[in-house]
Chemist: 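Sharing a structure with you now.
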Amino acid sequence: MASIMEGPLSKWTNVMKGWQYRWFVLDYNAGLLSYYTSKDKMMRGSRRGCVRLRGAVIGIDDEDDSTFTITVDQKTFHFQARDADEREKWIHALEETILRHTLQLQL
């Protein structure tokens, strides 16, 4: 897996009705944002889920300076970074990945 970025984010879950800590890995080549319950689980290959980024749209929440959304296939995922700088890093890397895979779709 050729990751462009990895690290902790919180993901909103409707099941628990709250933010859950997850370890995320952005795979630029595959166009996937995979998540794990911990970095240790990632090392063992125990993925919790993933978001396919082809055709996805990034949204900036007005709630605060650390949250953002990814909307794809009529589903919206909510994320929270540690701070505004961390959010910007994730958004930049995600937008690059989305652009690459969405352009492939149009070719």
Chemist: Show the nearest heavy-atom pair for residues Y21 and T37, with the distance to one decimal.
Modeler: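 Where Y21 meets T37 most closely, the heavy atoms are CD2-O, 3.9 Å.
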
Chemist: So, do M5 and K89 sit near enough that their side-chain heavy atoms are less than 4.5 Å apart?
Modeler: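 The answer is yes, as the side chains (C-beta and beyond) meet within the 4.5 Å cut-off.
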
Chemist: Atom OH of Y36 and atom CE of M43: how far apart are they, to the nearest 0.5 Å?
Modeler: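 It comes to 11.0 Å.
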
Chemist: Okay, side chain of D27, backbone of A30: is any donor-acceptor separation there less than 3.5 Å?
Modeler: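 Present.
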
Chemist: Assess whether atom NZ of K41 is packed by more than 12 heavy atoms of other residues, nucleotides or ligands within 6.0 Å.
Modeler: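 No, the 6.0 Å shell around NZ holds no more than 12 heavy atoms from other groups.
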
Chemist: Hydrophobic clusters here meaning ILVMFWY residues chained together by side-chain heavy-atom distances under 4.5 Å, can you tell me if I98 and L26 are in one?
Modeler: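 In one cluster with I98: L26, yes.
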
Chemist: Does V72 reach the side chain of L53, with side-chain heavy atoms less than 4.5 Å apart?
Modeler: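 Answer no - side chains too far apart.
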
Chemist: Are side-chain N/O atoms of S34 and R47 paired as donor and acceptor at under 3.5 Å?
Modeler: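 On atom types as modelled, these side chains qualify, holding a pair under 3.5 Å.
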
Chemist: For F24, give me all partners under ring pair (Phe, Tyr, Trp, His ring centres under 6.0 Å), at least two apart in sequence or on another chain.
Modeler: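 Partners of F24 by the ring pair (Phe, Tyr, Trp, His ring centres under 6.0 Å) criterion, ordered by chain and then number, come out as Y35, F79.
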
Chemist: Quick check: does any side chain N or O of D73 sit under 3.5 Å from a backbone N or O of K75, one acting as donor and the other as acceptor?
Modeler: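 Side chain of D73 to backbone of K75, a donor-acceptor pair under 3.5 Å: no, none is there.
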
Chemist: Hey, could you give me the CD/CG distance between Q20 and L9, rounded to the nearest 0.5 Å?
Modeler: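 Between Q20 CD and L9 CG, I get 13.5 Å after rounding to 0.5 Å.
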
Chemist: Check the hydrophobic clustering (I, L, V, M, F, W, Y; side-chain heavy atoms under 4.5 Å; chains of links allowed) and say if V57 and Y28 are grouped together.
Modeler: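 Hydrophobic grouping puts V57 apart from Y28.
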
Chemist: Would you find a donor on one side and an acceptor on the other, under 3.5 Å apart, between the side chain of S46 and the backbone of M42?
Modeler: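 No; judged by distance alone, with no hydrogens or angles, the pair does not exist.
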
Chemist: Answer with yes or no whether the side chains of E88 and H92 bring together a donor and an acceptor at under 3.5 Å.
Modeler: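 The answer is no; no qualifying pair exists.
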
Chemist: In the hydrophobic clustering (ILVMFWY, side-chain contacts below 4.5 Å, transitive), which residues join W12, or is it alone?
Modeler: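 ILVMFWY cluster around W12 also holds W19.
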
Chemist: Cut-off 3.5 Å, side chains only: do S38 and D40 have a donor facing an acceptor?
Modeler: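 There is no such pair (donor and acceptor under 3.5 Å, judged by atom type) between the side chains of S38 and D40.
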
Chemist: Please say yes or no: joined through hydrophobic side-chain contacts below 4.5 Å, possibly via intermediate residues, are I60 and L94 part of one cluster?
Modeler: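 Shared cluster, yes.
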
Chemist: Is there a donor in the side chain of T76 and an acceptor in the side chain of T69, or the other way round, less than 3.5 Å apart?
Modeler: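 Result is no, nothing qualifies.
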
Chemist: Taking side-chain contact (heavy atoms from CB on, under 4.5 Å) as the criterion, tell me which of L33, D85, I70 meets it with W90.
Modeler: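 Looking at L33, D85, I70, the match for W90 under the side-chain contact (heavy atoms from CB on, under 4.5 Å) is L33.
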
Chemist: Indicate yes or no for a side-chain donor-acceptor contact from R87 to the backbone of T67 under 3.5 Å, with no hydrogens or angles considered.
Modeler: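 Side chain of R87 to backbone of T67, a donor-acceptor pair under 3.5 Å: yes, one is there.
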
Chemist: For G55 and T102, work out which heavy atoms get closest and say how close.
Modeler: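 That closest heavy-atom pairing would be N-OG1, 2.9 Å.
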
